[in-house]
Protein chains: 2
Amino acid sequence: MTDAVVARRPGILTNDETAPGSKSERAYTAIKAQIIRGTYTPGYRLVLAKIAGELGFSVVPVREAIRRLEAEGLVSFERNVGATVAGIDPTEYLYTMQTLSIIEGAATALSAPLIDAVEIARARAVNEEMRQCLENFDPVRFTALNQEFHGILFEHCPNPHILDLVRRGWIRLATLRSSTFRFVPERAQESVQEHSALLQLIESSADADTIERFARRHRSTTLDAYLAQATHPATEQQSGKP
Amino acid sequence: MTDAVVARRPGILTNDETAPGSKSERAYTAIKAQIIRGTYTPGYRLVLAKIAGELGFSVVPVREAIRRLEAEGLVSFERNVGATVAGIDPTEYLYTMQTLSIIEGAATALSAPLIDAVEIARARAVNEEMRQCLENFDPVRFTALNQEFHGILFEHCPNPHILDLVRRGWIRLATLRSSTFRFVPERAQESVQEHSALLQLIESSADADTIERFARRHRSTTLDAYLAQATHPATEQQSGKP
DNA sequence: CGCTAGGATATCGTATACGATTTCGAACAA
DNA sequence: TTGTTCGAAATCGTATACGATATCCTAGCG
């Protein structure tokens with residue numbers, strides 16, 4: 001296979017973290033980053049004064065940032081009580097996954113005609129590396145590569161709204177990396193194979209419907225695997241007071 | 001047909017407007033309502049002090065509300081310059097419609113198994129009334145009923161995220177009621193017929209895929225009709241200074 | 001021992017004030 | 001006329017202050 005020469009880019013799903021804007025803006029990206037990184041785990045209480053102190057800002061921009069994150073679904077907020085990092089119980093997880101499978105399926109189908117041979121090659125390289133991760137049992141890298149792989153597939157989606165929804169879905173799922181996520185080797189194996197098949201479909205210009213169906217199914221199957229594995233995916237919220 | 005006895009409810013797409021919360025909350029719903037009503041048309045400049053004055057609040061909650069609306073895509077915002085009601089150029093419109101067709105199709109398919117005979121009857125009644133609106137040429141009522149009809153179809157969608165996305169899509173489209181929207185009688189005629197067919201599919205428990213496909217197509221066909229009709233859907237933003 | 005009342009504490013919600021930035025227009029030079 | 005500079009006005013961005021509300025703890029009562 002043609003490997004090596006294939007260029008690698010950061011990938012559409014990676015966060016900027018560059019935040020040279022207003023304090024409100026920086027608070028927004030800072031908090032968001034913490035949530036994604038997992039420093040603020042689901043259920044963590046976001047106390048205005050505390051965060052403001054940590055960032056060296058006053059409460060006003062922090063508050064604004066939090067309400068924006070609430071609108072994005074990353075934070076849940078209660079009047080006169082405060083905000084917490086949005087928790088994800090099993091039901092929530094299922095909903096999120098289902099939504100993502102629908103959106104991402106569509107995004108992939110819409111991107112497909114715009115993916116050229118070079119991109120296909122890139123995706124193949126990534127998928128190959130994923131296979132190697134399986135042999136070396138490196139779930140962390142596997143997950144990262146999986147993200148990159150799918151990123152390649154839908155980053156050409158011409159509809160920015162859909163792209164945005166996909167990104168949000170991935171971010172939402174990223175917040176439970178540590179809690180619900182379990183690595184399922186058998187499923188991962190299948191996953192790599194399905195990726196190959198999907199690339200085949202795209203390469204051979206299969207019709208949009210087929211691609212969409214396949215991509216969607218790929219997602220929801222992964223979901224089933226994870227759900228089956230997770231014995232009792234923590235219902236309770238953890239208190240955020242360290 | 002069994003009419004009359006069928007109960008009528010406000011419908012899932014109608015706005016609450018009840019806002020007994022904090023000022024930040026009330027500012028949020030107030031501004032949102034104005035945007036949906038069309039009082040604040042796309043391009044309208046949302047000046048903090050002015051809106052604060054109108055509502056009798058200070059600027060802080062207003063600003064917060066605006067940033068939340070930005071996160072929802074109803075308002076576009078530029079640092080140190082201000083916020084305007086999000087405009088929708090033809091491209092944007094197309095993107096929004098495409099996204100909505102995908103989401104709404106899925107929502108309808110997911111709802112279908114949960115819709116009972118009573119609801120079907122309700123939907124039939126609404127559709128019948130739509131047909132009458134065509135005869136009397138009442139586009140306004142027709143549009144309202146169309147909203148109610150689709151509301152019945154997907155309001156049972158068990159996935160709240162999807163439901164939420166559908167709602168947002170409708171709201172986004174509502175903001176251009178006055179600008180891009182043109183009523184296309186021929187298409188409206190077809191629309192009513194497709195509604196009947198869709199109800200048939202649901203009633204006969206057609207498989208999810210068929211329903212989804214049909215619902216999606218129904219949407220995107222409407223889109224095509226509107227786009228074909230709109231001669232030159234205003235590219236320019238109107239200045240907000242009255 | 002369990003429950004309720006009441007106050008202390010933590011935290012939120014928003015008004016006000018003021019510095020920072022952009023925008024707009026007028027005066028002036030080419 | 002056209003372009004440029006400079007200053008005033010408009011508007012945004014955020015710190016601070018303080019009232020409002022919820023939560024927690026303690027003491028007292030049954």
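Reminder, nothing fancy here: chain letters follow the sequence lines and each chain counts from 1. Quick caveat: nothing in here was measured; it's all calculated off a predicted structure. Worth knowing before you read on, the calculation uses all heavy atoms, side chains too, and leaves out hydrogens, waters and symmetry mates.
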Query raised in the report: Can you find a pair of side-chain heavy atoms, one from B/Q147 and one from B/T143, that are under 4.5 Å apart?
Result: no
**Report entry** Atom pair distance, as rounded to whole Å: OH in B/Y28 and P in C/dT14
**Finding:** 16 Å
Requested in this report: Send over the distance from A/K23 NZ to C/dT21 P, rounded to a whole Å.
Outcome: 12 Å
Query raised in the report: Are a donor atom and an acceptor atom from the side chains of B/S76 and B/T84 found within less than 3.5 Å of each other?
Result: yes
Requested in this report: Would you please say whether a donor-acceptor pair under 3.5 Å links the side chains of B/H161 and A/E92?
Outcome: yes
Query raised in the report: With a non-hydrogen cut-off below 4.0 angstrom, is A/V81 in contact with a base, only sugar-phosphate, or nothing?
Result: sugar-phosphate
**Report entry** Between B/T99 and A/N159: side-chain donor-acceptor atoms closer than 3.5 Å
**Finding:** yes
Requested in this report: Take atom CZ of A/F57 and atom P of C/dG19, then tell me their distance rounded to the nearest Å.
Outcome: 20 Å
Query raised in the report: Would you say C/dA15 has OP1 or OP2 under 4.0 Å from some side-chain N or O of B/S58?
Result: yes
Report task. May I ask you to evaluate whether A/K50 reaches the phosphate of C/dT11, defined as a side-chain N or O under 4.0 Å from OP1 or OP2? Result -> no
Query raised in the report: Once you round it to whole Å, what is the distance between P of C/dA15 and CD of B/E64?
Result: 11 Å
Report summary line: Here the distance between atom P of D/dC12 and atom CZ of B/F77, to the nearest Å, is 8 Å
Query raised in the report: In terms of the nearest nucleotide of DNA chain D, which residue is placed more toward the 5' end: A/N80 or B/E78?
Result: B/E78
Requested in this report: May I have the distance from B/L55 (atom CG) to C/dT14 (atom P), rounded to whole angstrom?
Outcome: 12 Å
Query raised in the report: Looking across every strand, which nucleic acid part, if any, lies under 4.0 Å from A/L46 by heavy atom: base, sugar-phosphate, or nothing?
Result: sugar-phosphate
Query raised in the report: Just wondering, more than 12 heavy atoms not from A/R217 lying within 6.0 Å of its CZ?
Result: no
Report task. Would you kindly give the CG-to-C1' distance between A/L48 and C/dA10, to the nearest whole Å? Result -> 12 Å
Requested in this report: Report which part of the nucleic acid B/V47 touches: base, sugar-phosphate, or nothing (heavy-atom distance under 4.0 Å, all strands).
Outcome: sugar-phosphate
Report task. Provide, to the nearest angstrom, the distance between the CD atom belonging to B/E25 and the P atom belonging to D/dA20. Result -> 20 Å
